[in-house]
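Take a look at the structure below.
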Amino acid sequence: MAAGKGTRMKSKLPKVLHQLGGRALLQHVVDTAALLNARQVTVITGHGATEVEAALAVNTGAAGQFDLNFVRQEPQLGTGHAVQQAVPVLRDDGLVVVLSGDVPLTQAATLQQLIDASAGKQLALLTIDFADPTGYGRIVREGAAVKAIVEQKDASPAQRQITEVYSGIMAVPALQLKKWLARLDNQNAQGEYYLTDIVKFAVADGVPVVAHKILDPVQVAGVNSPVQLAELERAYQKRIALQLMEQGVRLADPARLDVRGSLSCATDVSIDVNCVFEGQVSLGEGVKIGPNCCIKNVSIAAGAVIHPFTHIEGGAPGSKDAIEVGAGSLIGPFARLRPGARLGAEVHIGNFVEVKNSTLAKGAKANHLAYLGDATVGERVNYGAGSITANYDGAFKHRTVIEADVHIGSNCVLIAPVTIGAGGTVGGGSTITKDTAPLTLAVARGRQVSIANWKRPSKK
């Protein structure tokens, strides 16, 4: 069910599209349904229906595993009325699991236990005890048997003392559900059609009603305000942090980690504080991530070190804009890798260096204050401080090719399209507008001097 407006969110965005861990609240719910091997997912929309339906159709990666369809509740006349809209598309031989689009953190294992409790023939309710049950429907029992759910506004003083509440989640045989929905009325304090009224119909028809009670309130927590959204975000991040540490990842502080997508880690990975991971991020064996890094859509190979305050911003995984960082590379601090940066093994990208849509081969280095855009850089190139590739002429972007073993001096401008020949040197302060031959020294005045027989001083 995803038809509610959520006025306390104070946002034009439909409530169920607010983000939790980089995904919409509703997306979490649909993804959980996919883990249950559902054959059909029906989303009941209302407020912001067009936006909700469009977002879900685009972002549901598991859509090929089940039939995804939408029905609309207009106007919104209660939870029972919402589910009534789905009746035409529900299959008679199925078991219906009713979920709320703003309750994103219910575990698939919990829902499977609820399904098992239903056994395909009983009405099963997910319940929990709250010390303060205000606002929730109370579970009314006779002995152990569930007899009714009474909403807050319709509850007697005695019933309001009940602490076991209905979570909004149930599993019910479809054929029975259709019959009970047809009997709903709105004779209650709110003038709405309550889905919870089907409990009394089940009891009247002799169908057992069972409750599967859980202890974890996070699994049934909904989002009705920015405060609640923030609380669930922290709960979600804590869950991810615990999972990572159980896999052997070392987190400097699990409370200061944000994963807004998927993060896969090999062995011996360490992550310092205040790091944000977005999209799909893969960290190889022994990778070290320094504090205060933002890392999006990148594969970082074994032994690489990402120093503090580095910003990696890759495009969609598998696209030309995805980012790769080779084994043993050193990135940062204060470096920026933009879409299309592909770095080979043992590449060094230092402080205040920006790389965009460029390939750097093994051992290439740009250690200080530099820009490499639309460039192909060969092995062992040393790219000097203050140097840039001028790749845009105001209308088109052009490519710069720097072949293997080239040394680019400080404060140079390489105006693309241009190729710097292998083994050559560009003198400090030079502006290069023409291709240079291999093993030549190019200087600011446009001269090229052969250095074929010159040998650079070796380090002592």
Side-chain angles (χ1 to χ4, degrees), residues 19-23 27-28 31-32 34-35 61-62 104-110 216 218-219 221 229-318 322-337 341-350:
Q19 297 279 304
L20 178 76
R23 288 181 290 160
Q27 190 68 57
H28 283 270
D31 290 348
T32 300
L35 296 176
L105 296 186
T106 313
Q107 296 284 334
T110 298
D216 181 9
V218 168
Q219 292 199 52
L229 181 61
E231 290 173 346
L232 274 194
E233 182 70 47
R234 281 301 95 209
Y236 176 74
Q237 296 300 338
K238 180 180 179 180
R239 180 186 290 178
I240 291 177
L242 291 175
Q243 291 171 351
L244 289 171
M245 290 188 292
E246 287 171 355
Q247 296 166 14
V249 177
R250 297 188 301 279
L251 300 178
D253 184 351
R256 288 188 282 173
L257 172 77
D258 280 271
V259 178
R260 302 170 186 172
S262 66
L263 173 62
S264 64
C265 299
T267 58
D268 200 30
V269 167
S270 64
I271 301 173
D272 214 321
V273 300
N274 299 329
C275 291
V276 178
F277 298 90
E278 298 186 59
Q280 294 184 24
V281 177
S282 173
L283 306 181
E285 182 178 355
V287 167
K288 293 179 172 55
I289 308 293
N292 304 297
C293 294
C294 295
I295 298 175
K296 177 180 181 180
N297 289 333
V298 60
S299 175
I300 300 177
V305 177
I306 311 300
H307 290 295
F309 295 97
T310 291
H311 189 159
I312 298 176
E313 183 186 4
I323 291 179
E324 297 177 1
V325 175
S329 291
L330 305 178
I331 313 298
F334 295 99
R336 184 182 183 195
L337 303 183
R342 297 180 181 268
L343 314 184
E346 300 172 21
V347 167
H348 293 188
I349 300 296

Next on the checklist: Before you tell me yes or no, could you show the steps for Arg239 and Gln107 under side-chain contact (heavy atoms from CB on, under 4.5 Å), namely the whole-Å CA-CA distance, both residues' side-chain angles and the distance that decides it to 0.1 Å?
Outcome noted: CA-CA 11 Å; Arg239 180 186 290 178; Gln107 296 284 334; 2.6 Å; yes
Item to check | Heavy-atom pair with the smallest gap, counting every atom of Asn292 and Cys275 | outcome: N-SG, 3.9 Å
Next on the checklist: Quick check: closest heavy atoms across Thr32 and Thr106, and the distance to 0.1 Å?
Outcome noted: CG2-O, 3.7 Å
Checklist entry - Which heavy atom of His307 sits nearest a heavy atom of Pro333, and at what distance? => result CB-N, 3.5 Å
Next on the checklist: Test your reading of the model: is there a side-chain donor-acceptor pair from Arg260 to the backbone of Lys296, 3.5 Å cut-off?
Outcome noted: no
Next on the checklist: Can you confirm whether Cys265 sits close enough to Leu244 that some side-chain heavy atom of one is under 4.5 Å from a side-chain heavy atom of the other?
Outcome noted: yes
Item to check | Nearest atoms (heavy-atom pairs only) where Ile300 meets Ala304 | outcome: CG2-CB, 3.5 Å
Checklist entry - Would a line drawn from the ring center of Tyr236 to the ring center of His28 be shorter than 6.0 Å? => result yes
Next on the checklist: Show the nearest heavy-atom pair for residues Ser329 and Ala345, with the distance to one decimal.
Outcome noted: OG-C, 4.0 Å
Checklist entry - Between Ile289 and Ile295, does a side-chain contact (heavy atoms from CB on, under 4.5 Å) hold up when you go through it step by step? => result CA-CA 10 Å; Ile289 308 293; Ile295 298 175; 3.8 Å; yes
Next on the checklist: Do Asp31 and Arg23 have side chains that approach each other closer than 4.5 Å (heavy atoms only, starting at C-beta)?
Outcome noted: yes
Next on the checklist: Less than 3.5 Å apart, any donor N or O on the side chain of Gln219 or Thr110 sitting next to an acceptor on the other?
Outcome noted: yes
Checklist entry - Is the closest side-chain heavy-atom distance between Ile271 and Val249 below 4.5 Å? => result yes
Next on the checklist: For a 4.5 angstrom cut-off between non-hydrogen side-chain atoms, does Leu263 reach Leu283?
Outcome noted: yes
Item to check | Sub-4.5 Å side-chain heavy-atom contact between Pro254 and Lys238 | outcome: no
Next on the checklist: For a side-chain contact (heavy atoms from CB on, under 4.5 Å) check, start with the C-alpha distance between Asp258 and Gln237, then their side-chain angles and the critical distance, and finish with the verdict.
Outcome noted: CA-CA 6 Å; Asp258 280 271; Gln237 296 300 338; 3.9 Å; yes
Item to check | Asn297 side chain to Ala322 backbone, donor-acceptor under 3.5 Å | outcome: no
Next on the checklist: For the CG atom of Leu251 and the OG atom of Ser270, what is their distance to the nearest 0.5 Å?
Outcome noted: 9.0 Å
Item to check | side-chain contact (heavy atoms from CB on, under 4.5 Å) involving Ser299 - partner list, sequence neighbours excluded | outcome: Ser282
Checklist entry - Can you find a pair of side-chain heavy atoms, one from Pro104 and one from Leu232, that are under 4.5 Å apart? => result yes
Checklist entry - Is the shortest heavy-atom distance from the side chain of Asp272 to the side chain of Lys288 under 4.5 Å? => result no
Next on the checklist: Evaluate Leu337 against Ile331 for side-chain contact (heavy atoms from CB on, under 4.5 Å), listing each step before the verdict.
Outcome noted: CA-CA 9 Å; Leu337 303 183; Ile331 313 298; 4.2 Å; yes
Next on the checklist: Side chains of Asn274 and Pro291, heavy atoms from C-beta outward: is any pair under 4.5 Å?
Outcome noted: no
Checklist entry - So which heavy atom on Gly332 is nearest to which on Thr310, and how close? => result CA-OG1, 3.4 Å
